[in-house]
Amino acid sequence: MNANDIGTSRISYEKGALDEATVARDPFAQFKIWLDEAVATEGLIEPNAVSVSSVAPDGQPSLRVVLLRGYDERGFVFFTNYESRKGHELDGTGKAAMLFYWGALERQIRIDGSVARISADESDKYFAKRPRGHRLSAWASKQSSVVPDRAFLEAQMREEDERFKDVEVPRPPYWGGYRVAPHAFEFWQGRRNRVHDRLAYVRDADAWKIERLSP
Ligand SMILES: Cc1cc2nc3c(=O)[nH]c(=O)nc-3n(C[C@H](O)[C@H](O)[C@H](O)COP(=O)(O)O)c2cc1C
């Protein structure tokens, strides 16, 4: 697409369909099917990139992309700085929304849920697997704070590198994982003429109810 064409460019979505009769009854199983397909799709980089929303005390929502690092029946896990903007806002409301957009597959998945920090033990295990430079940057960066310039960040990195010269870099106490525990999912598959397929999974006592939403 040419940048001048954003007002007129149109793609007809033809790549797939979503059918109540054949989707998985369990949204986590359906998520796995779609994630596996996203991973297998050539040119779809970082299929685990997911937008996470949070809401400030004044009601202002904000979004940013993070990398999904795991999921199971309990929810979807990503890692970040607990003192960042998102950290404060997620801790403040205990609620989050997530959004996966896989354009190459004409798909979107929305997840609404509650959010909580994972255990220190779980965060330690993940942190230990990160490359040393990534572990150092968790110490060097006060995420979301204003810094004077790039040189300041580079200097912070050198300082931390020196400080942890002869030891394993431990996890900073303010860095770790969050788990979003969903109470609703929506799977969206683009279709021709904008008559898209939208299947919502809503928590109904111990089961998941599947509902079709108008596009
Ligand atoms: C592809 C991609 C992956 C990212 N992954 C993470 C991540 O896993 N954790 C994280 O804290 N920030 C990640 N970021 C940076 C965030 O989008 C964001 O800039 C940062 O977390 C600060 O957000 P905040 O100020 O709202 O807290 C990623 C950004 C992109 C574009």
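Starting from 1, each residue takes its place in the sequence as its number. Source: prediction; values computed, not measured.
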Quick one: does [X]'s side chain have a donor or acceptor within less than 3.5 Å of a partner on [Y]'s backbone?
| X | Y | answer |
| --- | --- | --- |
| Arg212 | Leu199 | no |
| Ser51 | Arg64 | no |
| Thr41 | Glu37 | yes |
| Asp72 | Arg74 | yes |
| Ser9 | Ile6 | no |
| Lys95 | Gly113 | no |
| His183 | Arg203 | no |
| Asp149 | Phe152 | yes |

is_close_aromatic([X], [Y]), centroid dist under 6.0 Å:
| X | Y | value |
| --- | --- | --- |
| Phe187 | Phe31 | no |
| Phe79 | Phe127 | no |
| Tyr178 | Phe76 | no |

Separation between CZ of Arg130 and CG of Leu136, rounded to the nearest 0.5 Å: 10.0 Å
Salt bridge or not between [X] and [Y]? Use side-chain N to carboxylate O under 4.0 Å.
| X | Y | result |
| --- | --- | --- |
| Asp161 | Lys165 | no |
| Arg198 | Glu186 | yes |
| Lys125 | Glu122 | no |
| Glu168 | Arg135 | yes |
| Lys86 | Glu89 | no |
| Glu154 | Arg150 | yes |

Reference residue Phe28; test ring pair (Phe, Tyr, Trp, His ring centres under 6.0 Å); the match among Tyr201, Phe185, Tyr71: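 One option only clears the test, and that one is Phe185.
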Think [X] forms a cation-pi with [Y], using NZ or CZ under 6.0 Å from the six-ring centre and within 45 degrees of its axis?
| X | Y | answer |
| --- | --- | --- |
| Arg107 | Trp34 | yes |
| Arg69 | Tyr126 | no |
| Arg163 | Trp139 | yes |
| Arg194 | Tyr13 | yes |

Residue pair Thr80 / Gln143, side-chain donor-acceptor N/O under 3.5 Å: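 Thr80 vs Gln143: donor-acceptor pair found between side chains.
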Closest contact, heavy atoms only, Arg85 versus Ser62: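 Looks like NH2-CB, 3.3 Å.
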